[in-house]
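Here the structure is a predicted model, which is why all the values come from computation and not from measurement. For ligands, and for the atoms within them, numbers begin at 1 and follow the listed sequence. Basis for what follows: all heavy atoms, side chains included, without hydrogens, waters or symmetry-related copies.
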Amino acid sequence: MPQYFGQLPSNEQPWQTLSAIQESQEGHTVRFDCGQSCLKINVLASNLIRVRLAPTGEFISRRSWAVTQDDTAWLPSFEVKKTDTTVEIQTEQLRVVVQKENGQIACYDLANRPFAVDAAGMGWRLGTTAAWKQIAADEHFYGFGERTGLLDKRSEVKTNWTTDALDYGSLTDEMYQAIPFFIALRPEVGYGIFFNTTFWSRFDIGVAQPGIWHMETHAGELDYYIIYGPTPAKILDTYTQLTGRMPLPPKWALGYHQCRWSYESETVVRELAQEFRDREIPCDVIHLDIDYMRGYRVFTWSPQRFPHPEKLIKGLAEDGFKTVTIIDPGVKYEPEADYHVFDQGIARDYFVRKADGQLFHGYVWPDKAVFPDFMRADVRQWWGELHQSLTEIGIAGIWNDMNEPAINDRPFGDEGEKIWFPLDAPQGGVKETDCVTHAETHNLYGSMMARSCAEGLEKLRPNERSFVLTRSGFAGIQRWSSVWMGDNHSLWDHLEMSLPMLCNMGLSGVAFVGCDIGGFASNATAELFARWMQVGMLYPLMRGHSALTTAQHEPWTFGDRTEKICREYINLRYRLLPYIYTLFWQAATTGALILRPLLYDFPNDPQTYTLHDQVLLGSSLMAAPIYRPGVEHRAVYLPAGTWYDWWSGECYMGPTHILAHAPLEKMPLYVKAGAIIPMQPVMQYVDQRSLDPLTIRVWQGEGEFTLYEDDGNTFAYKDNAYTTTKFSVNTEENQVIFAINQREGSLFLPSREVIVELVGVNEQRFNDDGTARQLVFNLKPQ
Ligand code: GLC
């Protein structure tokens with residue numbers, strides 16, 4: 001619903017707030033009592049504070065769905081000081097000041113700059129809890145999970161309620177993902193807020209009251225974390241420590257994925273694969289959409305269209321393709337039909353029931369359907385094991401869809417309403433007393449389905465990494481799955497919006513993300529498709545997809561010129577894979593973004609705060625894509641420092657704006673001085689051959705890069721079977737010194753040729769056996 005429809009304020013009950021408080025300390029927790037109510041502040045780390053308010057004074061013990069470690073696992077050190085009017089908690093990085101008069105909180109950094117300052121404290125009324133804080137004049141807001149529109153969310157309202165956001169546009173509020181986390185940033189100061197509630201919740205960033213942000217949830221307790229940065233990188237490091245980090249995906253998942261609803265038969269799939277190889281357009285993954293199934297029954301194959309799936313998948317694997325199948329949560333309601341998924345689920349009482357004990361059903365692709373209760377560990381295990389029928393015939397990854405869950409009250413195709421499970425439906429327990437209601441678990445349905453899938457695949461294939469993709473999820477979804485942005489359209493503004501959407505997902509802890517290249521619904525023009533493939537090369541998940549009844553959207557369907565552009569940019573993606581895989585490793589170990597808005601690397605430069613149409617892939621490579629028809633020029637902002645044009649080598653001094661010329665064949669790309677980008681030869685798929693030669697492109701200046709390598713497929717990296725090699729570049733008056741440290745780690749790499757290309761100067765080659773060396777490049781005197 002567009003945000004301009006609303007109501008005049010009604011006669012809602014007024015909020016109750018804290019009055020004078022009495023402080024006491026219990027271990028890491030400072031406790032404040034106020035009549036019946038109780039406020040607790042836990043110090044978890046020197047930059048991480050948890051605030052909890054129980055209006056009734058009783059903190060209900062509840063399962064923590066997103067937070068990975070118990071409060072007691074953190075080992076903070078802090079001091080508590082009291083003045084006449086305040087209680088102050090001091091850590092090594094910040095000070096939290098609590099007013100004795102009303103429990104209001106303000107934080108300060110070591111330079112005494114305030115942040116996360118209460119505007120009206122915390123409040124509650126009729127099962128709802130809330131908090132209000134001040135917005136600084138120059139503050140900007142990012143993250144909020146999956147969001148349409150541009151980058152900065154100041155002056156917007158953002159609701160956290162997972163929804164099938166079909167036909168979304170820039171005004172859409174509820175999306176497939178619900179991640180109640182954001183980052184507030186101004187020069188020198190940045191903090192994150194994780195609103196720890198799975199219930200319906202909402203952020204209002206200065207809409208109801210200018211200068212005040214507000215968060216509210218239909219939960220009886222208020223629970224949130226304040227994460228001090230000041231940089232977004234530091235905030236995400238801590239936030240992903242709290243909610244978990246993504247595991248390293250298989251390396252092939254970083255290649256190009258081709259999808260369509262649907263490649264509807266074995267013949268069509270084989271022809272598709274052949275076309276990629278014949279045309280020499282690299283591709284690693286083919287996705288099979290719902291029509292591979294027998295009448296949309298999950299964990300079955302259509303006997304007419306896919307009579308020999310094992311043979312098909314084996315054949316594809318021989319040509320270097322991995323196959324991914326879609327799995328939806330809706331299980332066809334089909335008693336006495338020998339459909340094993342329905343029969344087992346019913347026999348074991350695994351499907352969601354209503355509060356009165358009746359089985360819940362709704363309508364999805366297979367018509368009348370029932371839904372597993374993924375909140376239950378036994379159901380997750382069962383569902384995970386069901387994937388065996390797919391893994392044993394070679395399926396390499398699973399695509400989880402419709403898991404908001406998307407449900408209609410009438411058969412698809414009839415005029416119907418979207419529904420969800422009744423909010424009082426009991427979930428998560430075998431016995432009713434162990435259950436919580438759907439009001440608490442709604443936002444978790446997609447995450448718990450993805451978790452069931454990821455854990456199942458890991459059990460079924462303990463030595464091989466799998467690829468998991470999901471449409472819906474909650475905070476922490478990065479632990480189990482990659483995410484795509486659902487049903488976008490073949491529209492220029494959706495191409496434009498894809499970058500801020502993916503950047504805000506990254507700023508919400510989910511780095512492995514993508515949008516459907518070319519647009520899912522409606523039909524792309526050749527020009528839109530070419531521009532989209534250029535941008536898609538930057539997406540951490542690079543997948544082309546299109547809907548039933550749209551025109552074909554494969555890279556060759558738009559004529560020679562577009563095909564050539566697609567090939568060139570997919571080739572570039574494959575050439576950059578050693579660099580991109582290292583970015584994935586950084587994301588897996590520190591929560592770093594792979595695709596970044598410029599503010600991530602330049603958080604003190606206000607010019608970057610609303611810059612939604614330029615992105616960094618890692619910290620070295622910057623893209624300024626074209627996302628308008630007929631446009632061949634655009635303004636590009638180059639932040640402080642020296643920048644080089646990737647294509648021409650031309651050098652610019654930032655901060656500055658330049659006008660880039662970008663005919664259809666060209667997406668403007670820039671690198672920072674001192675950049676070091678490891679590259680490989682073009683391959684038709686990731687494992688086609690070993691990385692030889694390794695080309696390291698280096699630009700003059702000062703810089704470092706640590707290349708990460710492992711086998712790309714197994715979990716051996718967890719037992720140290722990986723290597724890292726640190727490179728650095730130093731530039732002196734007449735020479736550039738490129739140093740390669742001794743390779744570290746216990747993975748054996750065969751010797752290989754390395755080409756170090758000092759861009760614009762010359763190149764040197766050597767045989768790499770992992771030993772340290774220094775290369776000196778002489779510059780011509782000016
Ligand atoms: C949903 C998905 C889309 C998929 C279609 C059919 O609309 O978002 O990606 O192709 O269902 O399964």
Taking a cutoff of less than 4.0 Å between a non-hydrogen atom of the residue and any ligand atom, is Tyr176 in contact with ligand 1? no

Are the side chains of His287 and Leu469 in contact, using a 4.5 Å heavy-atom criterion? yes

From the list Pro249, Pro247, Ser481, side-chain contact (heavy atoms from CB on, under 4.5 Å) with Val468 holds only for Ser481

One should read off an interatomic distance between Asp328 CG and Asn403 CG, to the nearest 0.5 angstrom, of 8.0 Å

Nearest 0.5 Å, please: how far is CZ in Arg543 from SG in Cys515? 10.5 Å

Identify, by atom number and element, the atoms of ligand 1 in contact range of [X], meaning under 4.0 Å from any of its heavy atoms.
{"X": "Ile290", "answer": "6 (C), 12 (O)"}
{"X": "Asp487", "answer": "1 (C), 2 (C), 3 (C), 7 (O), 8 (O), 9 (O)"}
{"X": "Ile326", "answer": "12 (O)"}
{"X": "Trp365", "answer": "6 (C), 11 (O)"}
{"X": "Trp484", "answer": "8 (O), 9 (O)"}

At under 4.0 Å between heavy atoms, which part of Trp399 makes contact with ligand 1: side chain, backbone, both or neither? side chain

Nearest-neighbour protein heavy atom for [atom], which is reported as residue plus atom name and distance:
{"atom": "atom 1 (C) of ligand 1", "result": "Asp401 OD2, 3.1 Å"}
{"atom": "atom 9 (O) of ligand 1", "result": "His545 NE2, 3.0 Å"}
{"atom": "atom 6 (C) of ligand 1", "result": "Asp289 OD1, 3.3 Å"}

Is there a donor-acceptor pair closer than 3.5 Å between any side-chain N or O of Thr163 and the backbone N or O of Glu174? no

Can you name the one residue among Gln177, His442, Lys418, Arg471 that meets side-chain hydrogen bond (donor to acceptor under 3.5 Å, both in side chains) with Glu404? Arg471

For the aromatic rings, using the six-membered ring if either is Trp, is the centroid distance between His387 and Phe299 under 6.0 Å? yes

Is the closest N or O pair between Arg471 and ligand 1 shorter than 3.5 Å? yes

Aromatic rings Phe374 and Trp383: how do their planes relate, parallel, tilted or perpendicular, breaks at 30° and 60°? perpendicular

